[in-house]
Amino acid sequence: IEQPTFPKITEMCVKMIRRVNDEEGIKKLVNETFQKLWFTPTLHHDKEAMTRKILNITDVVAACRDTGYDWFEQLLQNLLKSEEDASYKPVKKACTQLVDNLVEHILKYEESLSDSDNKGVNSGRLVACITTLFLFSKIRPQLMVKHAMTMQPYLTTKCSTQNDFMVICNVAKILELVVPLMEHPSETFLATIEEDLMKLIIKYGMTVVQHCVSCLGAVVNKVTQNYKFVWACFNRYYGALSKLKSQHQEDPNSTILTANKPALLRSLFTVGALCRHFDFDQEDFKGNSKVNIKDKVLELLMYFTKHSDEEVQTKAIIGLGFAFIQHPSLMFEQEVKTLYNSILSDKNCSVNLKIQVLKNLQTYLQEEDTRMQQADRDWKKVAKQEDLKEMGDISSGMSSSIMQLYLKQVLEAFFHNQSNVRHFALNVIALTLNQGLIHPVQCVPYLIAMGTDPEPSMRNKADQQLVEIDKKYAGFIHMKAVAGMKMSYQVQQAINTCPQDPVRGFRHDESSNALCSHLYSMIRGNRQHRRAFLISLLNLFDDTAKTEVNMLLYIADNLACFPYQTQEEPLFIMHHIDITLSVSGSNLLQSFKESMVKDKKKERKPSSDEETESDSNSGSESKSEEEASKPRRLRKRVNSDSDSDEENDINAVMKCLPENSAPLIEFANVSQGILLLLMLKQHLKNLCGFSDSKIQKYSPSESAKVYDKAINRKTGVHFHPKQTLDFLRSDMANSKITEEVKRSIVKQYLD
């Protein structure tokens with residue numbers, strides 16, 4: 001019918017509108033831009049301008065189909081809120097115009113769908129228009145009240161494409177919001193809606209069933225009270241489930257059950273969906289019967305969670321999740337706790353089941369949040385004198401108790417190698433924290449760990465949670481920073497696709513940023529916290545800390561790539577590396593020497609000739625060590641003699657090695673921390689261009705202003721501790737001791 005708007009304009013609008021929740025200045029700019037572009041009233045006679053506006057909005061909505069529409073809701077809420085107290089409300093007037101014209105466009109598109117040439121284009125436009133109407137209905141359902149009867153016939157759309165299903169789902173969502181607001185709707189209209197919805201529930205798949213049952217819940221509970229109609233539907237599926245359970249108990253391998261699997265899946269899902277929106281224990285449904293429906297449903301659904309077919313298990317868990325929204329207290333039942341926690345904590349359990357349990361918890365928390373917000377709005381309308389806080393506390397107390405039951409297992413799901421599992425676990429934790437259901441300190445290390453996730457959306461969400469916690473509780477982040485670093489290493493281990501490759505602590509992209517750079521940037525502003533954090537990390541390199549080598553490499557990577565801003569930061573690290581090396585490094589070399597000499601004496605008493613030889617070896621060893629301790633560029637090497645000198649050093653020490661190889665492996669393992677610190681110091685020196693004298697002169701007790709100058713970073717300087725990488729790749733800690741391994745360890749000792 002109309003030419004589509006220019007794709008570039010749509011793309012620009014999408015980019016701008018996604019910044020609607022940004023910092024205040026940008027947020028204000030976005031609101032003003034779109035108020036002028038979309039939400040300024042159009043002159044009635046200017047149909048062309050209105051059509052352009054409609055096409056632009058629906059194009060943007062269509063472009064955001066896969067990423068969600070939170071931005072549109074936020075934008076509309078911001079604009080409508082800004083004029084709440086004003087006498088002239090241009091945004092409200094513009095919204096009314098847009099809704100009325102969107103409905104007109106829908107009717108046009110429907111007429112044109114018979115034109116086979118443009119069928120695909122217009123079908124897409126129809127979906128975009130109806131989706132946009134739903135978004136308006138979500139924020140201001142009153143705008144759609146007069147159009148409800150126009151929308152109802154779309155429930156009978158014949159479904160042959162994905163777009164057809166989207167039309168039905170969005171119309172059901174619109175009617176769910178709008179029908180309860182209608183004044184004296186006709187009985188015929190309401191009966192038609194109920195029948196249309198019931199036909200869709202019986203005929204189509206999960207998504208349609210879910211939205212249609214939700215719409216039916218709003219129509220029956222708030223308007224028609226036609227409980228018998230719903231009760232009959234419930235009994236149809238509940239009865240089918242009971243029968244299938246009996247057949248399964250009699251013969252689990254029955255061919256009848258295989259043939260009836262589609263009916264079983266549909267019944268499990270539909271019974272759960274109906275229980276989510278209707279409380280069948282009310283007298284309106286079951287009359288005077290003493291049977292406890294919710295317990296019967298729980299028993300039935302729990303039975304099928306133990307089924308051998310994973311698809312049946314998944315549908316039973318979905319059904320349980322729905323039922324728990326209506327009856328949260330069921331989540332305290334021992335069998336439910338056992339089911340949920342075992343699925344979440346069992347490493348061998350199906351990923352689909354884990355994700356479904358996390359989705360159930362997420363949906364429950366989302367519903368509770370919506371319920372609380374609605375209760376808040378309703379209460380404000382009714383009476384200011386009532387104690388609103390007390391009313392809210394009852395509901396949030398239940399949610400808090402539930403989340404305490406499952407919190408540990410949800411947090412542990414962060415260490416899963418599948419990104420979908422981590423994604424839903426993070427969603428559950430974010431909702432829990434936003435609703436204030438748990439003390440945030442226990443989540444801080446896990447959020448730090450999730451801030452290193454490879455997927456930008458997940459790490460941004462985790463980082464945002466940490467920022468919010470830091471605003472409310474100063475010091476919590478610093479308190480758990482080291483634990484968070486260690487946990488982030490565990491996350492990286494879990495998602496490492498190639499176990500032979502050591503886990504690294506920086507991003508493998510052009511930036512080479514430290515994985516924990518956001519954590520450091522949060523701590524670095526407070527000098528005391530920053531120093532305590534850096535010292536705690538450097539202490540892990542001490543041989544007494546017994547930290548595994550790959551974790552030390554991971555921490556060294558982070559220390560090498562942190563976003564340092566002033567000279568004081570790397571100088572402080574280098575100063576403490578020198579202190580650690582002077583103590584731990586010397587002790588390590590001494591213990592290696594002693595193990596050689598002692599073991600030689602234990603083996604047998606040497607003759608006087610051998611003693612002389614041993615002394616000369618020791619002399620050669622200490623001489624070579626003295627040479628080795630100098631920076632490579634200062635070593636006295638003469639052309640081709642350099643390699644032979646190194647060989648002589650190695651051979652001299654090799655003669656002194658004990659037969660018992662345990663001290664050698666112990667030395668090789670422990671010395672990695674020392675080697676990493678040496679490499680880290682050299683890296684920071686190269687990166688920042690510090691001279692030896694500047695490093696020597698630095699004192700941590702100096703005034704902060706002395707070293708407050710910005711760092712002049714050099715480009716192309718990368719941290720590559722080759723010896724440690726070779727040690728890990730060759731799995732030397734578990735290697736069989738050969739001559740080659742011994743030579744490698746001796747070279748390490750000399751270095």
Side-chain angles (χ1 to χ4, degrees), residues 272 275-276 294 298 302 305 317-346 349 353-376 389-416 420-451 458 461-462 464-470 472-473 476 480 483-484 487 491:
C275 286
R276 173 178 178 172
K294 74 171 187 288
L298 177 66
M302 284 299 297
T305 61
I317 291 169
I318 291 172
L320 282 173
F322 287 151
F324 296 159
I325 290 167
Q326 181 71 245
H327 304 288
S329 59
L330 293 175
M331 279 192 266
F332 295 114
E333 295 291 330
Q334 188 56 49
E335 56 184 335
V336 175
K337 286 193 284 185
T338 305
L339 173 74
Y340 269 25
N341 285 334
S342 62
I343 288 173
L344 289 174
S345 56
D346 184 359
C349 188
L353 296 182
K354 281 184 192 291
I355 288 172
Q356 194 51 58
V357 168
L358 291 167
K359 276 184 179 177
N360 282 2
L361 292 170
Q362 176 184 308
T363 310
Y364 164 69
L365 291 169
Q366 286 168 336
E367 283 291 314
E368 278 301 301
D369 194 35
T370 307
R371 211 180 281 178
M372 290 291 289
Q373 287 177 12
Q374 188 56 49
D376 192 7
K389 183 180 181 297
E390 191 179 313
M391 186 204 75
D393 284 349
I394 297 164
S395 183
S396 63
M398 169 83 81
S399 307
S400 180
S401 302
I402 287 166
M403 285 319 299
Q404 293 291 352
L405 287 178
Y406 303 108
L407 181 67
K408 188 176 185 298
Q409 283 74 17
V410 173
L411 287 168
E412 292 297 321
F414 283 178
F415 304 122
H416 203 279
N420 276 349
V421 176
R422 301 197 303 275
H423 169 80
F424 285 106
L426 182 58
N427 282 355
V428 171
I429 295 303
L431 285 163
T432 307
L433 289 170
N434 292 342
Q435 292 176 37
L437 303 178
I438 54 166
H439 198 288
V441 74
Q442 55 200 316
C443 296
V444 169
Y446 292 91
L447 290 169
I448 291 169
M450 278 305 286
M458 278 203 264
K461 190 166 194 170
Q464 188 56 45
Q465 291 297 321
L466 287 173
V467 169
E468 292 300 319
I469 291 170
D470 197 41
K472 293 177 190 170
Y473 310 94
F476 272 17
K480 295 289 182 180
M487 224 171 248
V491 167

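Keep in mind it's a predicted model, so treat the numbers as computed, not measured.
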* Go through the structure and list residues passing ring-ring contact (aromatic ring centres under 6.0 Å, His included) with Phe322, not counting sequence neighbours. => Phe269
* salt bridge (charged side-chain N to carboxylate O under 4.0 Å, His left out): pairs with one or both residues in residues 422-441, sequence neighbours excluded -> Arg422-Asp453
* Structure fact -> Thr338 meets the side-chain hydrogen bond (donor to acceptor under 3.5 Å, both in side chains) criterion, sequence neighbours left out, with Gln334
* State which residues pass side-chain contact (heavy atoms from CB on, under 4.5 Å) with Gln326; sequence neighbours excluded, sorted by chain then number. => Asp279
* Structure fact -> Residue set satisfying salt bridge (Lys or Arg N to Asp or Glu O under 4.0 Å) with Glu333, at least two apart, ordered chain then number -> none
* **With Glu367 via side-chain hydrogen bond (donor to acceptor under 3.5 Å, both in side chains) - residues at least two apart** => Arg276
* Taking only residues two or more places apart in sequence, or in another chain, which ones meet Tyr406 in a ring-ring contact (aromatic ring centres under 6.0 Å, His included)? -> Tyr340
Let me check something: any side-chain donor-acceptor pairs from residues 436-443 under 3.5 Å, sequence neighbours excluded? List them with distances.
residue : atom : partner : partner atom : Å
His439  : ND1  : Val441  : N            : 3.3
Gln442  : NE2  : His439  : O            : 3.1

* Asked: Sequence neighbours excluded, which residues qualify as side-chain contact (heavy atoms from CB on, under 4.5 Å) partners of Ile448?
  -> Val444, Leu466, Leu519
* Looking at residues at least two apart in the chain, or sitting in another chain, which of them share a side-chain contact (heavy atoms from CB on, under 4.5 Å) with Asn420? -> Ile355
* Mind checking salt bridge (Lys or Arg N to Asp or Glu O under 4.0 Å) for Glu412 and listing every partner two or more places apart, or none if nothing turns up? => none
* Asked: Ala323: what forms a side-chain contact (heavy atoms from CB on, under 4.5 Å) with it, not counting sequence neighbours?
  -> Cys275
